Student: 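Just passing along the structure, written as structure tokens.
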Amino acid sequence: MATMKDIAKLACVSTSTVSHVINKSRYVSEEIAERVNKAALQLNYSPSVLARSLKTNRTQTLGMLVTTSSNPFFGEVVKGVERSCYQKGYNLILCNTEGDQQRMKESITTLLQKRVDGMILMCSSLEGENIDIFDRYPDVPVVVMDWGPMLFASDKIQDNSFHGGYLAAKYLIECGHEDIGCITGPLNRYQAQMRYEGYKRALNEENFAFHPNWIIESNFECDGGYEAFNRMYQKGPLPSAIFVCNDMMAMGVINAANEKGIAIPEELSIIGYDDIQIAKYMSPSLTTIHQPKYRLGQAAVETLLSKLNNTGEESQVIQLEPTLVERNSVAIY
């Protein structure tokens with residue numbers, strides 16, 4: 001592999017001149033620069049990323065950990081991260097934890113050993129978790145996405161799930177519904193709890209009663225929505241509307257309702273959360289709360305890079321606001 005010394009010899013200049021031309025670190029006459037670039041092309045020279053990273057103490061690489069899920073929400077967030085990295089001139093190393101605590105910790109260790117400049121964590125198993133290894137790498141900024149309180153220093157990017165849950169229930173109320181159920185995500189997860197709390201706030205404002213048979217905790221997956229609806233159905237009369245706390249579970253609910261011959265929205269209204277791409281192609285198309293997934297990923301990258309350039313900044317929480325998307329799965333009375 002050709003080196004700067006080889007280029008210098010072929011172009012009849014000093015190695016330092018070659019360095020200035022390639023790194024654009026000092027003015028070099030056009031005639032000399034042309035000789036250097038021609039020699040570099042002739043020798044098929046490629047700059048050493050490793051050598052440059054040792055000199056600058058930057059690898060222009062970010063790491064990201066994500067828990068595998070069938071939910072395309074995660075893929076849409078990763079797309080925002082990857083595109084933002086590309087636009088900023090950074091590479092991205094993506095690690096999948098598959099929800100395994102040990103694998104998550106080993107992946108974090110690997111990314112730190114590869115000298116990533118910063119790290120984005122999107123792992124549900126992180127909530128309330130202390131990770132000692134971050135104490136040994138205090139100069140590597142960390143951004144946590146979409147989850148609750150952390151026991152290590154990090155910036156945090158999340159959507160305002162309390163407001164999103166409130167928007168969903170408030171919309172059902174404004175459409176004339178009074179009997180409103182809720183299928184939540186796992187309530188030990190911060191975002192699931194906040195969506196449920198927003199739902200409760202909207203019902204409390206109207207002094208609506210909470211029917212325990214209409215509140216079911218589930219797992220944020222299609223099968224969880226399917227099973228939760230069947231449990232609600234078995235307990236007795238259904239409400240007129242259900243706030244399902246993510247779109248994947250809403251898909252499962254619609255499937256289960258169709259199996260029982262329950263027409264949506266004529267007999268049962270459904271509102272979801274996330275606004276994944278497939279939501280508008282369901283039958284009926286799903287009314288839902290739009291979570292700014294691409295912007296979540298973009299904000300995570302921007303926050304990391306800001307922290308790299310301003311190391312004294314305090315950790316911050318950046319909260320993005322959800323919005324209502326009206327489609328065809330809610331009846332208006």
Side-chain angles (χ1 to χ4, degrees), residues 66-77 98-99 122-128 146-148 158-159 161-162 164-169 171-172 177 179-203 210-260 262 264-265 267-276 278-279 282 284 286-291 293 322 329-330:
V66 64
T67 300
T68 292
S69 170
S70 57
N71 190 345
F73 165 82
F74 293 97
E76 292 178 35
V77 173
E98 296 190 353
M122 197 174 184
C123 310
S124 57
S125 54
L126 270 172
E127 201 155 318
D146 205 38
W147 307 115
Q158 63 185 27
D159 101 304
S161 284
F162 178 86
Y166 177 84
L167 279 179
Y171 176 72
L172 293 174
H177 296 275
D179 298 331
I180 302 171
C182 183
I183 296 177
T184 78
L187 292 177
N188 63 341
R189 281 161 59 172
Y190 179 78
Q191 299 301 90
Q193 181 68 42
M194 287 300 98
R195 292 172 195 180
Y196 179 50
E197 292 298 327
Y199 154 84
K200 290 196 295 183
R201 166 70 67 85
L203 267 62
F210 290 89
H211 197 305
N213 289 345
W214 293 344
I215 299 172
I216 308 287
E217 182 177 357
S218 194
N219 66 357
F220 274 151
E221 301 291 342
C222 285
D223 61 350
Y226 181 91
E227 292 165 6
F229 177 80
N230 285 333
R231 277 156 47 202
M232 190 183 294
Y233 181 83
Q234 290 167 4
K235 289 180 178 181
L238 291 171
S240 68
I242 303 175
F243 167 38
V244 187
C245 289
N246 81 339
D247 292 350
M248 291 293 283
M249 291 194 299
M251 291 171 64
V253 169
I254 290 172
N255 185 277
N258 285 337
E259 285 183 357
K260 291 176 169 47
I262 298 170
I264 295 172
E267 297 176 86
L268 177 68
S269 292
I270 302 292
I271 186 168
Y273 200 109
D274 283 342
D275 191 27
I276 58 177
I278 197 173
M282 295 164 59
L286 184 64
T287 295
T288 186
I289 301 299
H290 173 78
Q291 190 171 178
K293 300 168 286 300
S329 61
V330 175

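The structure displayed is predicted, hence computed values, not measured ones. Numbers here are sequence positions counted from 1.
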Student: Output the distance between atom CD (Gln291) and atom CD (Gln158), rounded to the nearest 0.5 Å.
Tutor: 9.5 Å
Student: Could you tell me which non-hydrogen atom of Asn219 sits nearest to which non-hydrogen atom of Gly224, and how far apart they are?
Tutor: OD1-CA, 3.0 Å
Student: Which atoms form the tightest heavy-atom contact between Ile270 and Val330, and what is the distance?
Tutor: O-CG2, 3.3 Å
Student: Is there side-chain contact between Tyr233 and Leu238, with at least one heavy-atom pair below 4.5 Å?
Tutor: yes
Student: Would you say the side chain of His211 lies within less than 4.5 Å of the side chain of Pro239, judging by non-hydrogen atoms?
Tutor: no
Student: For the side-chain contact (heavy atoms from CB on, under 4.5 Å) test, which of Ile216, Ile215, Asn213 pairs with Met232?
Tutor: Ile216
Student: Which atom names give the shortest non-hydrogen contact between Ala256 and Asn230, and what distance separates them?
Tutor: CB-OD1, 3.9 Å
Student: Rounded to the nearest 0.5 Å, how far apart are CD of Glu221 and CG of Asn71?
Tutor: 6.5 Å
Student: Which residues satisfy the salt bridge (charged side-chain N to carboxylate O under 4.0 Å, His left out) test with Glu259, sequence neighbours excluded?
Tutor: none
Student: Looking only at non-hydrogen atoms, find the nearest pair between Ile264 and Ala257 and report the distance.
Tutor: CD1-CB, 3.8 Å
Student: Which distance, rounded to the nearest 0.5 Å, do you find between the OG of Ser161 and the CD of Glu197?
Tutor: 12.0 Å
Student: Can you tell me how far apart OG (Ser269) and CD1 (Ile180) are? Round to the nearest 0.5 Å.
Tutor: 9.5 Å
Student: Would you name the heavy atoms of Ala192 and Pro186 that are closest together and state the gap between them?
Tutor: CB-O, 3.2 Å
Student: Quick one: does Tyr199's side chain get under 4.5 Å of Arg195's, heavy atoms only?
Tutor: no
Student: Would you say Phe229 and Ile262 make side-chain contact, with heavy atoms under 4.5 Å?
Tutor: yes
Student: Show the atom names and distances, to 0.1 Å, of all donor-acceptor pairs under 3.5 Å that link a side chain in residues 241-254 to residues at least two apart or in another chain.
Tutor:
| residue | atom | partner | partner atom | Å |
| --- | --- | --- | --- | --- |
| Asn246 | OD1 | Met249 | N | 3.0 |
| Asn246 | ND2 | Phe220 | O | 2.9 |
| Asp247 | OD1 | Tyr273 | N | 2.8 |
| Asp247 | OD1 | Thr288 | OG1 | 2.7 |
| Asp247 | OD2 | Asp275 | N | 2.7 |
| Asp247 | OD2 | Ile276 | N | 2.9 |

Student: Is it the case that over 12 heavy atoms from other parts of the model lie below 6.0 angstrom from the CD1 atom of Ile278?
Tutor: no
Student: Side chains of Ile289 and Asp159, heavy atoms from C-beta outward: is any pair under 4.5 Å?
Tutor: no
Student: Quick one: closest heavy-atom pair of Arg231 and Glu217, and the distance?
Tutor: NH2-O, 3.6 Å
Student: Has the side chain of Lys293 got a donor or acceptor atom that lies under 3.5 Å from a matching backbone atom of Asp274?
Tutor: yes
